[in-house]
Peer 1: 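Below is the structure I would like to discuss, written out as structure tokens.
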Amino acid sequence: MPSSPIPLPALGLIGFGAFGRLVATHLAPLFSLRVHDPFAPDSAFAAAGAARCGLAEAAACPVVILATPVSTLASVVCDVAPHLIPGALVLDVGSVKVRPAAIMRAGLPPGVDIVATHPLFGPQSARDGLRGLKIAVCPVRGNRARRVGAFLRRALGLDVILTTPEAHDREAAAVQGLTHLIAKVLVAMEPLPTRMTTRSFDLVMQAVGMVRHDAPEVYHAIERENPYAAEVRRRFFGLAAQMDEELGEGACVGETLRLEA
């Protein structure tokens with residue numbers, strides 16, 4: 001007599017925007033997904049082969065992923081908290097970590113383990129698969145962060161960086177803050193040349209293309225919610241202004257020499 005298939009473990013996914021759908025695509029073969037998002041259209045669920053469920057059902061899973069914007073995380077944590085089961089594991093996937101870690105630590109029940117994560121990729125950069133892409137994993141409460149990291153390496157082929165929320169945000173302030181800032185400036189300067197370009201320019205525009213369609217809340221979280229981003233911006237703009245001034249002085253000197261000759 002054939003044995004019955006072993007049921008997949010249940011995983012609750014709160015939030016079904018672009019990144020939530022990416023999460024669902026890669027975790028659907030490994031978990032029985034319970035997805036909640038009152039704002040996502042039915043077509044999004046149909047395209048991903050996922051079934052919509054209520055908040056209580058999604059939050060009552062042993063593992064719950066909060067795939068919501070940082071700006072709404074506090075209210076989502078408040079809504080989810082009463083439905084979590086003792087011993088549950090809750091993770092977020094936001095672009096910053098200090099504030100989300102504090103929100104989850106303060107708002108989730110004491111018997112719940114918390115791991116803050118930041119996948120260092122998005123739907124565009126992950127279109128060819130996840131293997132080799134990076135993800136930051138930050139222990140917040142409990143001792144399951146290393147197990148989460150081991151699962152992500154083994155099951156999804158991700159390059160796991162175990163860190164703290166503070167260390168993450170310090171590095172991300174430059175890595176993401178500058179990338180998105182420069183991309184915003186270049187997009188605002190369009191149309192830019194497309195025919196007579198160098199390889200380095202093409203690579204810069206390729207990087208711009210990877211973030212130009214990110215939701216506005218992603219940009220705002222990276223620039224406004226990271227406590228270290230403002231200082232990185234000040235340094236960047238200060239150095240840019242200094243270089244502009246130096247180039248202006250150089251032009252004046254060159255013009256003077258030309259006239260004297």
Side-chain angles (χ1 to χ4, degrees), residues 7-97 99-119 121-123 126 130 135 137-138 140-142 144-145 148 151-152 155-156 158 213-218 220-221 225:
L8 296 174
L11 183 146
L13 178 60
I14 313 294
F16 207 53
F19 198 83
R21 295 168 207 172
L22 179 65
V23 170
T25 298
H26 291 281
L27 294 186
L30 306 171
F31 295 91
S32 176
L33 297 183
R34 311 281 192 270
V35 184
H36 174 73
D37 188 330
F39 305 108
D42 291 337
S43 58
F45 285 86
R52 187 195 299 270
C53 75
L55 176 68
E57 183 181 352
C61 293
V63 179
V64 178
I65 297 177
L66 308 179
T68 60
V70 176
S71 59
T72 64
L73 184 63
S75 62
V76 170
V77 164
C78 184
D79 293 340
V80 164
H83 307 290
L84 294 169
I85 61 175
L89 171 63
V90 177
L91 309 96
D92 84 310
V93 293
S95 299
V96 294
K97 295 276 67 83
R99 185 163 175 261
I103 289 171
M104 292 188 290
R105 190 184 294 112
L108 297 178
V112 169
D113 285 353
I114 305 169
V115 176
T117 78
H118 178 200
F121 53 86
L130 299 183
I135 184 169
V137 174
C138 307
V140 177
R141 184 197 294 159
R144 287 198 260 182
V148 169
F151 166 81
L152 294 171
L156 302 180
L158 291 170
H213 298 299
D214 284 357
E217 53 264 28
V218 174
H220 292 153
E225 301 289 354

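Because only heavy atoms are used, hydrogens play no part in the values below, and waters and symmetry mates are left out as well, while side chains stay in.
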Peer 1: Distance-only, no hydrogens or angles: does the R52 side chain make a donor-acceptor pair with backbone N or O of D37 under 3.5 Å?
Peer 2: yes
Peer 1: Mind checking the CG-OG1 spacing from D92 to T68? Nearest 0.5 Å is all I need.
Peer 2: 8.0 Å
Peer 1: Kindly indicate, with the supporting measurements, whether the criterion side chain to side chain contact (heavy atoms under 4.5 Å, CB included) is fulfilled by I14 and D79.
Peer 2: CA-CA 11 Å; I14 313 294; D79 293 340; over 6 Å; no
Peer 1: If I take atom OG from residue S95 and atom NE2 from residue H220, how far apart are they, to the nearest 0.5 angstrom?
Peer 2: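 Between S95 OG and H220 NE2, I get 12.5 Å after rounding to 0.5 Å.
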Peer 1: Do the non-hydrogen side-chain atoms of L89 and V148 ever get within less than 4.5 Å of each other?
Peer 2: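 Yes - at least one pair of side-chain heavy atoms lies under 4.5 Å apart.
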Peer 1: Please report the shortest heavy-atom distance between M104 and R141, naming the atom on each side.
Peer 2: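 Taking M104 first and R141 second, the nearest heavy atoms are O-NH2, 4.3 Å.
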Peer 1: With side chain to side chain contact (heavy atoms under 4.5 Å, CB included) as the criterion, how do L156 and I135 come out once you've worked through the C-alpha distance, each side chain's angles and the decisive distance to 0.1 Å?
Peer 2: CA-CA 11 Å; L156 302 180; I135 184 169; over 6 Å; no
Peer 1: Which heavy-atom pair separates T117 from K97 by the least distance, and what is that distance?
Peer 2: O-NZ, 2.8 Å
Peer 1: If I compare all heavy atoms of V115 with all of R144, which pair ends up nearest, and what's the gap?
Peer 2: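 Nearest pair, atom of V115 first, then R144: CG2-C, 4.4 Å.
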Peer 1: Compare every heavy atom of A50 with every heavy atom of F16, then report the nearest pair and how far apart it is.
Peer 2: CZ-CB, 4.2 Å
Peer 1: What class does the angle between the rings of F151 and F31 fall in, given that below 30° is parallel, 30 to 60° is tilted and above 60° is perpendicular?
Peer 2: perpendicular
Peer 1: Would F121 and L158 satisfy side chain to side chain contact (heavy atoms under 4.5 Å, CB included), going step by step from the backbone distance to the final call?
Peer 2: CA-CA 11 Å; F121 53 86; L158 291 170; 3.7 Å; yes
Peer 1: So which atom in L8 and which in L30 form the shortest heavy-atom distance, rounded to 0.1 Å?
Peer 2: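 Distance-wise, the nearest heavy atoms are CD2-O, 3.8 Å.
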Peer 1: Considering non-hydrogen atoms only, spot the tightest contact between A18 and P123 and give its length.
Peer 2: O-CG, 3.9 Å
Peer 1: Report the distance from atom CG of L130 to atom CG of L152, rounding to the nearest 0.5 Å.
Peer 2: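 L130 CG to L152 CG: 9.5 Å, rounded to 0.5 Å.
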Peer 1: In this structure, which one of L66, V64, V35 forms a side chain to side chain contact (heavy atoms under 4.5 Å, CB included) with L13?
Peer 2: V35
